[in-house]
Amino acid sequence: MKQKIGLMGGTFDPIHTGHLLTAEAVREQFGLQRVIFIPAAQPPHKQGRKVAPAYDRLIMTEIAVAGNPCFGVSRIELQRSGPSYSVDTLRELQQAHGQEAEFYFITGADAINELSTWHEAQHLLEICHFIAATRQGCALDLPRLRREFGESLVSSHVHELPTPELEISSTDIRRRVQEGRSIKYLVTAEVEAYIYKEGLYS
Ligand code: NAP
């Protein structure tokens, strides 16, 4: 039987409890053996915006997932130079795992709505499943995806997961730190301590 592996792709600037709850919900609902968090080194769509150093985002991700034996972190995108194209990541992982692995790429619905702008998007959608975490004010635009990629590919490879937990957002957390407001319980205690110790977002 094929091994089902979740790939939690994101900037994780910073990783928060919404990401963790989503990954665990997907793991359970889709019967995944494990979920690998993949911090993007250089997010392709964020060439203009200032993002915390990749090393800090990696460490925060590692300490956040440490308590869950089904979770892991991959440095695959941090070890590659240039923009973090998901299709390159998938190719590398397919080579490493062979034919017996089936991949589920988990990310926010807003990111998946823009899938047609991703590098080699059609091929990417053919070689892995996408799980779109939706939250209030950000629905998955299925009509758009069907127009762009065709009805049958979208219905077999794009799945929606409503995640009210994702009312928590990295943008809000960065803003809270800057304004001196509490981020307790929005991130794990270890990530909170790391943010303050390293002076991130202030
Ligand atoms: P983003 O624009 O920062 O995030 C879009 C939305 O999705 C935000 O609301 C974000 O919330 C949420 N989100 C991000 N990662 C999530 C996750 N794993 N689970 C649930 N929600 C998530 O998106 P991004 O981080 O730049 O990109 C997301 C992933 O798509 C990355 O792995 C990136 O490499 C990939 N991507 C690839 C290409 C390409 O190959 N050309 C292009 C674009 C994106 P928070 O801010 O709270 O996380």
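Start at 1 and go down the list; that is how both ligands and their atoms are numbered.
Considering both main-chain and side-chain atoms, His19 comes within under 3.5 Å of ligand 1 through a nitrogen or oxygen pair. The N/O atoms of Thr171, backbone and side chain alike, include none that comes under 3.5 Å of an N/O atom in ligand 1. At least one N or O atom of Ser170, backbone or side chain, sits closer than 3.5 Å to an N or O atom of ligand 1. Taking only nitrogen or oxygen atoms, main chain and side chain alike, Thr117 does not reach within less than 3.5 Å of ligand 1.
When the shell of 6.0 Å around CZ of Arg75 is examined, it contains 12 or fewer heavy atoms from other residues, nucleotides or ligands. Counted within 6.0 Å of CD on Glu100, heavy atoms from surrounding residues, nucleotides or ligands total more than 12; the atom is thus considered enclosed. Atom OH of Tyr185 is surrounded by 12 or fewer heavy atoms from other residues, nucleotides or ligands within 6.0 Å. Annotation: Glu179, atom CD; neighbour count of heavy atoms from other residues, nucleotides and ligands within 6.0 Å is above 12.
Ligand 1 places these atoms under 4.0 Å from at least one heavy atom of Ser84: 34 (O). Shown in contact with Met8 at under 4.0 Å from a heavy atom are these atoms of ligand 1, numbered in order with element: 17 (C), 18 (N), 19 (N). Against a heavy-atom cut-off of under 4.0 Å, Ser169 is close to the following atoms of ligand 1: 47 (O). Heavy-atom contacts of Gly10 reach the following atoms of ligand 1: 15 (N), 25 (O), 31 (C), 32 (O) (cutoff under 4.0 Å). Distances below 4.0 Å separate heavy atoms of Tyr85 from the following atoms of ligand 1: 39 (C), 40 (O), 41 (N).
By the criterion of a heavy-atom distance under 4.0 Å, the side chain of His16, and not its backbone, is placed next to ligand 1. The part of Ile106 lying near ligand 1 is the backbone, judged by heavy-atom distances below 4.0 Å. Of all the heavy atoms of Thr11, the ones lying under 4.0 Å from any atom of ligand 1 are found in both the backbone and the side chain.
A salt bridge links Glu120 with Arg91: the closest approach of a Lys/Arg side-chain nitrogen to an acidic carboxylate oxygen falls below 4.0 angstrom. Contact check on Glu102 versus Lys2 returns no salt bridge, with no Lys/Arg side-chain nitrogen under 4.0 Å from an Asp/Glu carboxylate oxygen.
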Quiz item: Hey, mind stepping through Tyr85 and Leu124 against side-chain contact (heavy atoms from CB on, under 4.5 Å) and telling me if it holds?
Solution: CA-CA 10 Å; Tyr85 292 130; Leu124 180 61; over 6 Å; no
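Using a 4.0 Å cutoff on heavy atoms, Phe105 counts as a contact of ligand 1. For the ligand labelled ligand 1, residue Val87 lies outside the 4.0 Å heavy-atom shell.
Nearest heavy atoms, Val35 versus Ala23: CG2-O, 4.0 Å. Considering every non-hydrogen atom in both Ala121 and Ser116, the closest pair reads CB-CA, 4.2 Å.
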